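None of the values given here were measured: they were computed from a predicted structure. Proteins get letters first, then strands, A, B, ... in listed order; numbering begins at 1 in each.
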Amino acid sequence: MRARAAAPPSVDWARALKDAGLVAGIVVLLAIALAGFRIQDESGGPPLAYRFNDVVAAALIAFLGRLGIAALRAQRAVPVLAGALVFAIALSGVLVFGADEQLLPFQSTVLNGTIALAAWMLSARAAWLVWHAASETSTEVREARMDRLSAQVQKLAWWVGPLLLGLAVALPFLPWADRRLLDIATLVVTYIMLGWGLNIVVGLAGLLDLGYVAFYAVGAYSYALLALHFDLGFWVCLPFAGIMAAFAGILLGFPVLRLRGDYLAIVTLGFGEIVRIILLNWYAFTKGPDGLSGIPRPTFFGLPIAREAPEGGHSFHSFFGLEYSPVDRIIFLYYLALALALLTNLVTLRIRRLPVGRAWEALREDEIACRSLGVHPRNTKLTAFAIGAMFGGFGGSFFATRQGFISPESFTFLESAIILAIVVLGGMGSQIGVVLAAILLIGLPEVFRELNQYRMLAFGLAMVAIMAWRPRGLLAHREPTVRLYHGPPDASDGGPRA
Amino acid sequence: MTVLRVMDVHAAYGPIKALHGVDVEVVEGEIVALIGANGAGKSTLLMTICGNPRASRGRIEFLGEDITHLPTHEIVRRGVAQAPEGRRLFSFMSVVENLQMGAVSADPRHFDEDLERVFTLYPILRERRDQRGGTLSGGEQQMLAIARALMGRPKLLLLDEPSLGLAPLLVKQIFGVIREINTRDRVTVFLVEQNAHHALRVAHRGYVMANGRIVLQGTGRNLLADAEVRRAYLDGGR
Ligand SMILES: Nc1ncnc2c1ncn2[C@@H]1O[C@H](COP(=O)(O)OP(=O)(O)OP(=O)(O)O)[C@@H](O)[C@H]1O
Ligand SMILES: [Mg+2]
């Protein structure tokens, strides 16, 4: 109750109302476009139905919420606490006990739930302010606190990493690991791998690549075409696919790496599209929009994971005398993805300690300084591009072998954007950050498939939230790659000077 | 033996001419200072020696070999190290990582020995070895910039305003170390300075530059005594 002594700042109600009105207006505009209409299937009637109520409810909630936040800023916590708590309890009550549907603001349970959660969070914040009677902390203080937190998370990485790894390895044997969860996990791990691959280019070398999907596509088509034309297995093709993708990276890198920033981004964006359009139009080679099908499944050192053993040979199960179960193939694919992802991570961690990896990071910071120290900028960037592309190619091969069918449709700009979002949201250059971001951006939307049409909205919201609160990414903190003389840091690291 | 020979070098940034025929010679074992007013072209000369911007006319020789048209990293690999203007440290990297970057063109087997050498030269860097470059104080940053340049075991060290922004005591210390590098490790030094008084006292010889040309040269002592130099760069500037 200390801070009560200082008079709370007077509230500029006119401004707060204007601001809340503006927010409500924006919500109306967005809601009309996103949720205001519903396409009707019934014949005879008009094809579109209005959902006026949802729009009004959304605007009203946004208006009140914004007003509440403004009041919190002005340290008028008690009325906000009361209002938000009443609203949250009422909404949750209706949701839980399934009272009259008409009382709910929206038709979607998920949306109602989200609003209820937001109301609970607002009440919690208000309650915090009431008990602590503390002033709102400034942005810098909060940023610094979060930075310290993320530094700690990274310090924890030495046991969080193995823990996550253990969890990942044990996942198929956990009781609740059904087919669907394993499929989602495989997808997440694939994106983690792609994120780590792109992290080399964007996070470490600082080259904004908007066409990463091109290398993914090259890897997928390399594997598919090699396997189909020459009857080669997955393990033989995998290195080739990686090399082809790396080669594509060098091919692109050679002319464009003298470009910087925005210009590099635009050219790589174009490259991604060019690759897709070539795949679409070179019918004789790629079967164009029809795609390639019948891509062989991966084997376990030559043993297929299948019910029937091939003629005159063994399947994995007959060889080891095991009972076949259809889920085994999914488990195998999951472990394959995990192995490829771990390979990416190990190589990245190792390279960061090598001169070339250090040079990537240095180049990102100051190219002139690098030149004056004898770094060859173009070759250094080329290696980053090639190695990043190679992992994209591995990812593509895995995608092809998992799906059994590929077509140019799978390699649109949206893929590049999602992978980039994972890297950026994770905090450029942070390996654990990529894992968190991939779980957040790929895993959660998949788990909450029920959200259906609101899924992308939630994706966007998550992005906006992270950008608002963590503009430098979730885990933006860099640990040095070397520490001399292991042991307690004596002369204090970054602390106040003696 | 002549380490560096700059002959009638011209250089320009697009349409802006910065050097109009510069001749400089640095002999093995020397400390040579280059002084001059702001915008005279001193930094440009150091940068041109490293090939960026390129000399549009003239010739630059290092240990008798023509390096005028070599790419920067090749020049550095031959033994020219530069601590460029404004330090240009890698601010997100730790002190040790910065030093490792300094050693990219050197034999990795020498790394530990070289690290020990620069830590002995600048003990404060040893204390701050894991701190990020950007959080060092100005003086520490300057020491790190010089230390980083030394990690490549250069035969010729180019320093651009090593005393910029340092307190008088630190200025003394920096010049003390430059002398030590020169006598003990036998590194030839070519340095640009605004702090003419100190620079000419440590330097064996000096050049004075104005408007992209060398206008005066002589031993450090003679230049210090020269009325013209005193009027333009020393009196009132101390
Ligand atoms: N990158 C650049 N682009 C265009 N002009 C430049 C560039 N760098 C330097 N110049 C110009 O070249 C001339 C010489 O600059 P230089 O940096 O060599 O001066 P200096 O003698 O080092 O000065 P100071 O003592 O202030 O560092 C100046 O007129 C400057 O404006
Ligand atoms: Mg200068």
Q) So which of B:Ser91, B:Pro84, B:Cys50 has the largest heavy-atom pair count under 4.5 angstrom toward chain A? A) B:Ser91
Q.
A cation-pi test, strictly: NZ or CZ of B:Arg128 under 6.0 Å from the centre of the six-membered ring of B:Tyr122 and no more than 45 degrees from its axis. Yes or no?
A. no
Q) Which residues pass the side-chain hydrogen bond (donor to acceptor under 3.5 Å, both in side chains) test with B:Thr44, sequence neighbours left out? A) B:Tyr13
Q: Return the orientation label for the B:Tyr207 and B:Phe190 ring planes: parallel under 30°, perpendicular over 60°, tilted otherwise.
A: perpendicular
Q | With sequence neighbours excluded, residues passing side-chain hydrogen bond (donor to acceptor under 3.5 Å, both in side chains) with A:Thr268 | A | none
Q: Take B:Met143 and B:Gln173 through the test side chain to side chain contact (heavy atoms under 4.5 Å, CB included) and record every step on the way to the result.
A: CA-CA 10 Å; B:Met143 297 177 203; B:Gln173 195 186 338; 4.1 Å; yes
Q. Which residues in residues 376-393 of chain A have a heavy atom less than 4.5 Å from any heavy atom of chain B?
A. A:His376
Q: State which residues pass side-chain hydrogen bond (donor to acceptor under 3.5 Å, both in side chains) with B:Arg109; sequence neighbours excluded, sorted by chain then number.
A: B:Asp107
